[in-house]
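Below is one structure, written out as structure tokens; the observations come after it.
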Amino acid sequence: MSENSEAPGTPSATPSGGTAPGPQPESLRFFGTTWVDHDGGYGLRRAGATIGSLAAAVAACFILRFAYQGLEIAEVGSLVGMLVVLMFAICSAIAFRKTWEGFVRRPVDPSQDDRLRGLKSIGFVGSLLAYFFRSFQEAPGEKLRRTEYETALAQYAKRRSSRTGNPAARKSAKGKRSGRR
């Protein structure tokens, strides 16, 4: 969030509610609304998100390694060990893809996305890696939110500009013109 340069108590251009008229930007996790103008420590937040997601992914891999060692100690067999590794690999790949798609577009069917929540939580390493790689390019989800926000601003401006003038006067003027011909 950007700092306000006005002194407290001075009148501002925003209404008494504190927000400007029109659509408001959607907040992003870890970034708030700093993605709009890239202010308020946006660069540091992106660097922190990049480093943090990589560190969390590495820590998660160590935890999974310890879990696998626990299976070896329990001597459950090579088939079970192979199935566990395969399960985490497939779930991580699916979680990576679904998380990456979530940065680009909204889910068509939110209920299907809810059904995949368990699978995505098993493949949490994939989600962390998607967050890591996306942080190099932008704040994860910034492109989607920016597109939606700019579309909403354009629609708002169009609605505001089409309301100028007296609509009753325009309708009567059109009727008189067509009647003269």
Side-chain angles (χ1 to χ4, degrees), residues 1-4 18-20 22-154:
M1 292 190 219
S2 63
E3 291 186 27
N4 191 356
T19 60
Q24 299 299 316
E26 189 175 344
S27 181
L28 286 175
R29 181 181 293 148
F30 305 123
F31 294 93
T33 56
T34 61
W35 60 267
V36 177
D37 296 324
H38 291 190
D39 62 350
Y42 172 80
L44 291 174
R45 290 176 189 227
R46 260 190 56 201
T50 304
I51 293 167
S53 59
L54 180 62
V58 169
C61 288
F62 278 121
I63 290 171
L64 290 176
R65 175 67 181 148
F66 293 141
Y68 183 77
Q69 285 177 344
L71 290 175
E72 286 180 344
I73 292 170
E75 296 178 1
V76 293
S78 62
L79 178 64
V80 173
M82 185 178 66
L83 287 175
V84 167
V85 169
L86 190 64
M87 176 199 60
F88 275 108
I90 291 171
C91 290
S92 291
I94 292 171
F96 180 91
R97 191 189 74 179
K98 289 297 183 181
T99 304
W100 192 267
E101 287 175 358
F103 296 145
V104 180
R105 65 178 177 270
R106 299 273 183 189
V108 177
D109 185 14
S111 64
Q112 181 184 4
D113 204 43
D114 287 341
R115 286 182 288 213
L116 291 175
R117 184 171 290 152
L119 186 113
K120 286 170 67 174
S121 63
I122 293 171
F124 61 98
V125 175
S127 293
L128 289 169
L129 289 176
Y131 209 86
F132 169 72
F133 288 121
R134 194 61 177 202
S135 295
F136 281 122
Q137 188 177 15
E138 64 180 4
E142 178 182 349
K143 184 177 181 180
L144 171 67
R145 301 300 189 329
R146 187 172 302 282
T147 303
E148 291 173 349
Y149 180 60
E150 289 173 354
T151 302
L153 283 175

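What you see is a predicted model; the values in this text were computed from it and never measured.
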Residues Trp100 and Phe133: closest non-hydrogen pair is CZ3-CB, 3.9 Å
Heavy atoms only: give me the nearest Leu28-Ala139 pair and the separation to one decimal. CD1-CB, 4.0 Å
Within this structure, what is the OG-CG distance for the pair Ser121 and Leu116, rounded to the nearest 0.5 Å? 10.5 Å
Can you tell me how far CD of Gln69 sits from CD of Glu72, rounded to the nearest 0.5 angstrom? 6.5 Å
Starting at CD of Glu142, measure out to OG1 of Thr34 and round the result to the nearest 0.5 Å. 8.5 Å
Got a second to check how far Leu119's CG is from Cys91's SG, nearest 0.5 Å? 4.0 Å
Atom of Ala60, atom of Phe124 and distance for their closest heavy-atom approach: CB-CE1, 3.0 Å
Ring-plane angle category for Phe31 and Tyr42, please: parallel below 30°, perpendicular beyond 60°, tilted otherwise. tilted
Evaluation steps, side chain to side chain contact (heavy atoms under 4.5 Å, CB included), between Arg115 and Asp109: CA-CA 10 Å; Arg115 286 182 288 213; Asp109 185 14; 3.6 Å; yes
Heavy-atom side-chain proximity of Val104 to Arg134 below 4.5 angstrom: yes
Are Glu26 and Arg106 ion-paired here, with the side-chain N under 4.0 Å from a carboxylate O? yes
Just wondering, do Arg46 and His38 contact through their side chains at under 4.5 Å, heavy atoms? no
Of all heavy-atom pairs between Phe96 and Leu129, which one has the smallest distance, and what is that distance? CE1-C, 3.8 Å
Heavy atoms, side chains only, cut-off 4.5 Å: are Pro140 and Phe30 in contact? no
Quick one: closest heavy-atom pair of Arg45 and Gly40, and the distance? NE-O, 3.4 Å
How long is the span from the CZ atom in Arg97 to the OG atom in Ser127, to the nearest 0.5 Å? 12.0 Å
Candidate list Val84, Val85, Leu86, test side chain to side chain contact (heavy atoms under 4.5 Å, CB included), partner Phe88, passing option: Val84
Give me the atom names and distance for the closest heavy-atom approach of Lys120 to Thr99. CE-OG1, 4.1 Å
Quick one: does Thr147's side chain get under 4.5 Å of Arg105's, heavy atoms only? no
What is the distance from atom CD1 of Ile90 to atom CG of Leu83, rounded to the nearest 0.5 Å? 9.5 Å
